[in-house]
Amino acid sequence: MILTTTNSIEGHTIKDYLSIVTGVAMSKKATAMGFSMSKYYTALEQNIENIKEEAFKKLVENAQKIKANAVVGIKVEIELTTSNYVMVSVTGTAVKVE
């Protein structure tokens, strides 16, 4: 599966545009804020990376369900709720390429 933020893939021709696909993931627990801001930022950064990976896996699964072999034009949105939960949404266009 080819994933890219660009609208084309160098060396490949898009044969068919299939659908917009999304992968959304949210942390199961809030990032705790303690006395050390350094530890908080490190924990938040790790939490975002983990949730982002989960969202990308869901994006790929959704693209595979419709027989896509690539996703172009990917946009990533990261939100931190007021309760310190991380939510990541990954959206792109599922395509078939040669």
Side-chain angles (χ1 to χ4, degrees):
M1 178 74 61
I2 300 171
L3 305 174
T4 181
T5 57
T6 62
N7 292 322
S8 62
I9 303 169
E10 190 172 327
H12 293 79
T13 302
I14 296 175
K15 291 173 29 178
D16 197 10
Y17 290 85
L18 302 174
S19 180
I20 295 172
V21 289
T22 303
V24 177
M26 189 163 182
S27 58
K28 309 294 186 257
K29 63 178 188 169
T31 305
M33 188 178 275
F35 292 109
S36 171
M37 290 307 288
S38 174
K39 287 181 182 178
Y40 169 73
Y41 290 136
T42 300
L44 184 60
E45 181 180 313
Q46 187 60 51
N47 201 5
I48 289 170
E49 284 300 315
N50 293 339
I51 300 305
K52 186 174 73 172
E53 280 300 313
E54 189 178 328
F56 267 99
K57 285 180 186 176
K58 289 180 179 181
L59 175 84
V60 169
E61 288 170 6
N62 290 333
Q64 288 172 335
K65 285 179 188 175
I66 59 173
K67 309 281 191 264
N69 61 358
V71 180
V72 297
I74 293 175
K75 303 279 189 255
V76 179
E77 292 184 31
I78 300 170
E79 291 185 42
L80 184 62
T81 69
T82 55
S83 302
N84 281 346
Y85 287 90
V86 174
M87 185 178 89
V88 176
S89 174
V90 183
T91 305
T93 303
V95 298
K96 281 193 180 187
V97 296
E98 293 181 335

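Along the sequence shown, the residues carry numbers beginning at 1.
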Test side-chain contact (heavy atoms from CB on, under 4.5 Å) applied to Leu80 and Leu44, step by step: CA-CA 9 Å; Leu80 184 62; Leu44 184 60; 3.9 Å; yes
Verify side-chain contact (heavy atoms from CB on, under 4.5 Å) between Val90 and Ile74, making sure each step is shown before the conclusion. CA-CA 7 Å; Val90 183; Ile74 293 175; 3.6 Å; yes
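Residue Met26 comes nearest to Tyr85 through the heavy atom pair CE-CB, 3.7 Å, listed as atom of the first residue, atom of the second, then distance. Nearest heavy-atom pair across Ala63 and Val71 is CB-CG2, 3.7 Å.
Among residues at least two apart or in separate chains, there is no side-chain hydrogen bond (donor to acceptor under 3.5 Å, both in side chains) pair with a member in residues 59-71. Listed by first then second residue, pairs satisfying salt bridge (Lys or Arg N to Asp or Glu O under 4.0 Å) with a partner in residues 77-96 number zero, not counting sequence neighbours. Under the salt bridge (Lys or Arg N to Asp or Glu O under 4.0 Å) criterion, no residue pair touches residues 4-22, with sequence neighbours excluded.
Counting non-hydrogen atoms of neighbouring residues, nucleotides and ligands closer than 6.0 angstrom, the CD1 atom of Ile20 reaches no more than 12 such neighbours.
Thr4 is linked by a side chain to side chain donor-acceptor pair (under 3.5 Å) to Thr6, counting only residues two or more places apart in sequence or in another chain.
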Contacts table for residues 48-59: side-chain donor-acceptor under 3.5 angstrom, sequence neighbours left out:
unit_1, atom_1, unit_2, atom_2, d
Asn50, OD1, Gln46, NE2, 3.1
Asn50, ND2, Gln46, O, 3.4
Lys58, NZ, Val24, O, 3.2

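Under a 4.5 Å side-chain heavy-atom cut-off, the cluster of Ile, Leu, Val, Met, Phe, Trp and Tyr residues that includes Tyr17 is completed by Ile2, Ile9, Ile14, Val72, Val95, Val97.
Tested against Val76, the residues Thr91, Thr5, Val88 include a single side chain to side chain contact (heavy atoms under 4.5 Å, CB included) partner, Val88.
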